[in-house]
2 protein chains.
Amino acid sequence: MSNKNIGIKDVARAAGVSVTTVSHVLNDVSYARVSPETKEKVRAVAEELGYGPNRLAQALRTQRTGMLGLLSEDIATTPHAGRIILGADEAAKRRGYNLMILNTSASASLESRTADVEALLERRVDGVLYATMYHRNVELPANLDSVPSVLVDSVSTSGNVCAVIPDEEGGARTAVAALLDAGHSRIGFLNNTDDVPATRLRLQGFRKTLDEAGLDGGSAPVESAPSEVHGGYEAALRMLGRSDRPTALFCYNDRMAMGAYRAAAELGLAIPKELSIVGFDDQQLIAANLHPGLTTVALPHYEMGAWATEQLIDAIEGKNELSRLALSPTILDCPLVVRDSIAAPGA
Amino acid sequence: MSNKNIGIKDVARAAGVSVTTVSHVLNDVSYARVSPETKEKVRAVAEELGYGPNRLAQALRTQRTGMLGLLSEDIATTPHAGRIILGADEAAKRRGYNLMILNTSASASLESRTADVEALLERRVDGVLYATMYHRNVELPANLDSVPSVLVDSVSTSGNVCAVIPDEEGGARTAVAALLDAGHSRIGFLNNTDDVPATRLRLQGFRKTLDEAGLDGGSAPVESAPSEVHGGYEAALRMLGRSDRPTALFCYNDRMAMGAYRAAAELGLAIPKELSIVGFDDQQLIAANLHPGLTTVALPHYEMGAWATEQLIDAIEGKNELSRLALSPTILDCPLVVRDSIAAPGA
DNA sequence: ATGAAAGCGCTAACAT
DNA sequence: ATGTTAGCGCTTTCAT
């Protein structure tokens, strides 16, 4: 139980040694030569007095705060940000670092985001993580380059900043392959209308996977709508109204899949017997609670947060060079989460 | 754009004045007597050099870090924690403070939570916020009392710590009143089975409101189940299977309401025409996306985070006494969020 | 109206 | 094997 009022010199006095000795034993410095008895004594006294180091003073002296800044967009809006934070927090804690989290908005001006970075710099964080709430390209505050930093779930528009993003195309391939494996050949894609990397990459994964299976990906049915429950519902209605109705749907995300569930219900199509569905995101609240449970592809938010933190700390400690990793973004796997929304066609 | 290598003394030298003067003008100290020209000069030079204060050094000297520790349970699991963080972050930023967030688990041992507090203390945070992810009683780490602190969404088992919680009973009253106002008189309650304050208080609000409306709250139908989609489904099935089927359901939370929607669908009961439903929590993903949109009661997470932060900072700055607020928890309103799941009975 | 200097709690080079 | 001491960058008292 650290007592604010007890300092290293109180311990020194009580133990009858100098502050150097106390500092040495409490920090376990390798080069220090202190007798075992003295060590013991110092530790005991420190414990007894309830001594706790003043990290501010340590930091001022060593030029290391052991703090990482995390600039995160819209912590509140999405559970995804939470997973990134958790991954980062646990990785940081493991290595003896702590996180200073600043919330910003996806729509915040470059100026206000620059001010946020400035706040982090004034606190002398050892490095910063910049996280966005969905995979996209960001214009980074210029002052970010004065400290080691890594991007999570986004890529810098001005390039050459270490970044980690999900394997959107691979995830789409995994999803479509699951449908193919179940025996489907008429597969539709409910895509997003936003101009974000995932829109293009998931479509590409969808097409290529069909092509490679000998199906014509280029002519496979695609309906686009805003990536919300409502959009999914409408796109699904259009898709399922086609003359050669698909037997399976790959949905851009779980929210759209939720809309597709409703469309299927209205059309009297049973899932998965008459219609198989696979989503993307593994948004717990939806995927696990829909009925039947939605088979989907998980975004590696936790892993991205953890990976970014590890790299950042390695860089801070001189164990690697961020610039080497900055040449192209690191891409993390999107694994399939199997539930109950896929079955053989006409099963 | 703060430059790490520029200190107050560089500014002093470049401006041809002493560090004292620089400090005085940059901090706008009231008692300092500096000529307007000097002031101007100093500011210009600081700007030009890209000077940014070293908050560590300031903190070491002033014994104030301007940092608040936030110990939050399960940041990842629930969007609720996100709202608390957002409320706290914005309030803190407004007053010139920053947040150091530490994630802990609801199931973490007292020991590990004590260590988390210790980490915050070593960083010399000016105060700490302790947030739980749902309203409950917590056993606090003992070292928490060595710094101003306030609880968010929970009450200390050992009492007498400033705390802010939602008005569970009032929220339930609001929900039931909405049903009563629509003309319902046979109202059922789908309650949670967990032994948490909300279970008891929402039930109490439900009963009392019916009593006050001249209906017999004590004999009103209640079905309990785990507070998940699945539990809601099952409880609703039992409830709607009763001979005197209620025309309206008050659900413990939105997840249970989601289960109730499914039960209603299976029973061929149209919402809200044949069955009105009101939830609790205002969990966006569910409430706004269910069809029809779920009318529900919102938990004041953002407000609790903001309120707690304001009080904490006031206490730190000597503007109030936390102990005065600690006598009993502060209770915040749970407002109704109207969507489309309530209609007149048999409408 | 401005400056010198002490000191916040600590680390680490340098003595001894 | 242990101690002395000079800062880290800043604020603030006390001089001038």
Side-chain angles (χ1 to χ4, degrees), chain A residues 2-43 45-46 49-67 96 121-126, chain B residues 2-43 45-46 49-67 96 121-126:
Chain A
S2 140
N3 187 327
K4 264 189 193 173
N5 312 313
I6 300 297
I8 204 183
K9 94 171 72 152
D10 299 299
V11 176
R13 194 176 320 118
V17 298
S18 75
V19 293
T20 308
T21 304
V22 174
S23 176
H24 283 174
V25 350
L26 260 24
N27 291 315
D28 254 330
V29 304
S30 54
Y31 56 86
R33 331 214 65 246
V34 182
S35 77
E37 306 82 62
T38 310
K39 268 188 183 151
E40 205 29 68
K41 170 99 194 173
V42 169
R43 279 198 253 267
V45 170
L49 260 40
Y51 169 78
N54 181 331
R55 303 276 247 127
L56 292 175
Q58 285 183 321
L60 185 61
R61 181 60 233 240
T62 61
Q63 306 288 46
R64 276 289 179 72
T65 53
M67 292 202 340
L121 293 177
E122 288 182 358
R123 300 256 184 221
R124 296 301 189 269
V125 294
D126 295 332
Chain B
S2 139
N3 187 326
K4 264 191 196 176
N5 311 313
I6 300 296
I8 204 182
K9 94 170 72 149
D10 300 298
V11 176
R13 194 176 321 117
V17 299
S18 74
V19 294
T20 308
T21 303
V22 174
S23 176
H24 283 172
V25 352
L26 260 24
N27 292 315
D28 254 331
V29 304
S30 54
Y31 55 86
R33 329 215 69 243
V34 183
S35 78
E37 306 84 62
T38 312
K39 269 190 182 148
E40 204 30 67
K41 171 99 196 176
V42 168
R43 278 197 252 268
V45 170
L49 260 40
Y51 169 79
N54 181 330
R55 303 276 246 125
L56 292 177
Q58 284 183 323
L60 185 60
R61 181 58 232 241
T62 61
Q63 307 288 48
R64 275 291 178 73
T65 53
M67 291 201 343
L121 293 177
E122 288 182 358
R123 300 255 183 222
R124 295 301 188 270
V125 294
D126 295 333

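Per chain, numbering begins at 1; letters A, B, ... match sequence-line order.
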Checklist outcome for this item: By nearest-heavy-atom nucleotide on DNA chain D, the more 5' of Val19(B) and Arg61(A) is Arg61(A)
Next on the checklist: What contact category does Ser23(B) fall into here, base, sugar-phosphate, or nothing, at under 4.0 angstrom with non-hydrogen atoms?
Outcome noted: base
Next on the checklist: What is the distance, to the nearest angstrom, from the CG atom on Leu60(A) to the P atom on dA6(D)?
Outcome noted: 17 Å
Checklist outcome for this item: Between CZ of Arg64(B) and P of dT11(D) the distance, given in whole Å, is 14 Å
Checklist outcome for this item: When rounded to whole Å, the NZ to C1' distance for the pair Lys41(A) and dA1(D) reads 17 Å
Next on the checklist: Looking at dT2(D), I'd like to know if its phosphate oxygens (OP1 or OP2) sit under 4.0 Å from a side-chain N or O belonging to Ser35(A).
Outcome noted: yes
Item to check | Phosphate OP1/OP2 of dC10(D) contacted by Thr62(B) side-chain N/O (<4.0 Å) | outcome: no
Item to check | Whole-Å gap separating P (dT11(C)) and NE2 (His24(A)) | outcome: 9 Å
Next on the checklist: Distance check needed: dC10(C) P versus Asn27(A) CG, whole Å only.
Outcome noted: 10 Å
Next on the checklist: Under a 3.5 Å threshold, yes or no: a donor from one side chain and an acceptor from the other, between Ser23(B) and Thr20(B)?
Outcome noted: no
Checklist outcome for this item: For Arg55(B) and Gly96(B) the tightest heavy-atom approach is NH2-O, 3.9 Å
Item to check | Listed nucleotide nearest any side-chain atom of Thr21(B), set dC10(D), dC10(C), dG3(C) | outcome: dG3(C)
Checklist entry - If you look at every heavy atom in Asn27(A) and Gln58(A), which pair is closest and at what distance? => result OD1-NE2, 4.0 Å
Item to check | Distance, rounded to the nearest Å, where Tyr51(B) contributes OH and dC10(D) contributes C1' | outcome: 7 Å
Item to check | Closest-nucleotide ordering on DNA chain C, the 5'-leading residue of Thr38(B) and Ala57(B) | outcome: Thr38(B)
Checklist entry - Atom OH of Tyr31(A) and atom C1' of dT2(D): how far apart are they, to the nearest Å? => result 13 Å
Checklist outcome for this item: In whole angstroms, the gap separating C1' of dC8(D) from CZ of Arg55(A) amounts to 16 Å
Checklist entry - In terms of side-chain heavy atoms of Ser18(A), which of dT4(D), dC10(D), dC10(C) is nearest? => result dT4(D)
Next on the checklist: Looking at the base of dA12(C), is there any donor atom on it, or on the side chain of Thr20(A), that sits under 3.5 Å from an acceptor on the other one?
Outcome noted: yes
Checklist entry - What's the spacing between Glu40(A) CD and Glu37(A) CD if we round to 0.5 Å? => result 9.5 Å
Next on the checklist: Ignoring hydrogens, what is the shortest heavy-atom contact between Ile8(B) and Val22(B)? Give both atom names and the distance.
Outcome noted: CG1-CG1, 3.4 Å
Next on the checklist: With a 4.0 Å cutoff (strictly under), does any side-chain N or O of Gln63(B) reach OP1 or OP2 of dC8(C)?
Outcome noted: no
Checklist entry - Hey, does Val17(B) reach any base, or is it just sugar-phosphate, or nothing, if we go heavy atoms under 4.0 Å? => result sugar-phosphate
